[in-house]
Amino acid sequence: MMSRNRFLAAIDRTGGIRTVAYGTGTSIACRELMERTGAWFPEAHLDAQKMASLAMAGHTVLGLDVVMPLFSVCHEAAAMGCRVQWGGPETMPECGRPIFKDEDDIRIPADLLRRPGCKVFGSWTQGYHYFGVENFLIGTLDDPDKTRRILDRLLPVTFAFAQAQIDAGADCILLADHATRDLCSPLAYREFLLPLHRRLAAEIKAPVILHICGNTSDRVGMVAQTGLDCFHWDTKSGRPEQVRAWAGPRLALMGGISNLTLFGGTPDEVIAQRRAAIAGDIDVIGPECAIPLTTPLVNLRAVACG
Ligand SMILES: [Zn+2]
């Protein structure tokens with residue numbers, strides 16, 4: 001089966017074709033891949049040709065079935081007006097200072113899609129970037145209704161970027177929403193995010209993969225109720241078979257390879273995790289999150305080619 005078909009079959013557990021694919025929805029960019037392709041950070045964040053060459057190396061050098069042409073969490077923030085520092089070959093970009101204090105400060109620029117941003121982030125992550133993590137989280141306790149209104153007002157940004165990617169030919173949308181357990185309680189996920197993620201699942205007209213870092217053991221079951229196609233999980237959540245048990249039969253799962261192992265382990269350890277992921281019924285096997293920029297290529301190649 002060709003990579004594209006294999007990947008799309010793997011994330012559609014209702015489709016009847018059961019297969020394993022290799023890949024990740026988050027960044028595979030690292031120094032050695034930049035050397036191979038000549039596409040370096042920070043230019044590869046904003047130059048479409050360089051971005052495409054670096055992303056394609058995920059397939060041509062690493063043998064993955066899916067490529068993801070964005071490597072940072074700052075694109076939509078840049079488009080919304082944050083002063084992003086794009087970093088360098090060994091530093092990831094940073095979003096800069098918050099730009100909004102109150103809900104009425106929210107302005108979505110009319111030329112949003114012509115600005116240098118196009119990654120699909122949910123309202124929760126956007127809330128962190130525009131209001132500051134601390135202010136945003138305090139707001140969820142002080143005035144939950146206002147938080148709901150803020151999340152709602154930011155949703156058009158998510159939809160606009162998702163639709164622009166579909167219009168440009170994307171087969172699948174990666175929706176990152178950093179509702180990690182240390183910053184978003186299970187109750188907050190249920191109250192604020194479950195309804196929003198349901199809307200995104202219903203309204204984005206392509207398969208959607210939700211990415212949340214960190215331990216998500218208390219919310220994999222809730223993600224399974226959103227109608228989203230696939231969940232990109234972190235190995236801090238538990239063993240593959242345990243995560244599959246929480247997810248149930250319908251939700252596809254992506255991940256299974258620990259970033260710590262990729263960064264500091266050996267190819268044999270990566271291969272052992274791949275086998276465990278296959279045995280645990282994980283559909284798309286790959287790194288759990290954006291990899292550290294100094295991850296050795298030999299370990300990355302072991303994910304699909306080892
Ligand atoms: Zn992550």
Side-chain angles (χ1 to χ4, degrees), residues 11 22-30 41 45 54-55 58 62 64 66-77 84 87 91-95 117-129 133 136-137 158 161-162 172-184 186 188-189 193 196-197 200 208-220 222-223 226 228-238 240 243 246-247 251-264 270 273 277 282-295 299-300 303:
I11 58 168
Y22 293 94
T24 167
T26 52
S27 170
I28 46 85
C30 63
F41 281 8
H45 296 301
L54 189 53
L62 304 181
L64 303 177
V66 59
V67 294
M68 170 62 181
L70 289 154
F71 317 110
S72 93
V73 300
C74 295
H75 285 269
E76 100 293 330
V84 170
T91 39
M92 278 292 197
E94 285 179 20
C95 288
C118 52
K119 189 161 183 171
V120 183
F121 277 91
S123 300
W124 192 268
T125 296
Q126 292 186 69
Y128 291 172
H129 293 165
V133 175
F136 181 74
L137 292 177
T158 313
F161 281 150
C172 171
I173 297 299
L174 190 276
L175 165 71
D177 218 358
H178 290 99
T180 305
R181 178 138 119 183
D182 45 353
L183 297 177
C184 175
Y189 184 84
L193 285 168
L196 284 191
H197 288 168
L200 292 166
V208 178
I209 302 169
L210 174 67
H211 169 80
I212 306 180
C213 324
N215 184 342
T216 52
S217 53
D218 60 16
R219 63 204 64 190
V220 178
M222 289 192 270
V223 172
T226 58
L228 290 164
D229 298 87
C230 181
F231 181 52
H232 188 198
W233 58 285
D234 188 313
T235 57
K236 290 184 203 75
S237 306
V243 178
W246 291 321
L251 179 67
L253 291 170
M254 168 185 267
I257 312 288
S258 148
N259 274 8
L260 275 178
T261 308
L262 284 170
F263 178 69
V270 173
Q273 290 187 7
I282 303 306
D283 306 281
V284 183
I285 295 166
E288 61 200 356
C289 188
I291 57 159
L293 293 168
T294 45
T295 303
N299 284 350
L300 280 173
V303 171

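Counting convention: from 1, in listed order, for ligands and their atoms alike.
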task = Could you tell me how the ring of His178 sits relative to the ring of His211: parallel (under 30°), tilted (30 to 60°) or perpendicular (over 60°)?
result = perpendicular
task = Take the angle between the ring planes of Phe136 and Trp124 and call it parallel below 30°, perpendicular above 60°, tilted in between.
result = perpendicular
Which pairs of donor and acceptor atoms, one on a side chain in residues 283-293, lie under 3.5 Å apart (sequence neighbours left out)?
| residue | atom | partner | partner atom | Å |
| --- | --- | --- | --- | --- |
| Asp283 | OD1 | Arg13 | NH1 | 2.7 |
| Asp283 | OD1 | Arg18 | NH2 | 2.4 |
| Asp283 | OD2 | Arg13 | NH1 | 3.4 |
| Asp283 | OD2 | Arg244 | NH2 | 2.8 |
| Asp283 | OD2 | Leu253 | N | 2.8 |
| Glu288 | OE1 | Thr235 | N | 2.8 |
| Glu288 | OE1 | Thr235 | OG1 | 2.5 |
| Glu288 | OE2 | Asn259 | N | 2.8 |

query = By ring pair (Phe, Tyr, Trp, His ring centres under 6.0 Å), which residues pair with Phe263, not counting sequence neighbours?
reply = none
query = Judged by modelled atom types alone, do Thr180 and Asp182 share a side-chain donor-acceptor pair under 3.5 Å?
reply = no
remark   = The protein N, O or S atoms lying under 2.8 Å from the Zn ion (ligand 1) are His211 NE2, Cys213 SG, Cys289 SG
message = I'd like to check the side-chain contact (heavy atoms from CB on, under 4.5 Å) partners of Cys230; sequence neighbours left out, ordered by chain and number.
response = Ile11, Ile209, Ala252, Met254
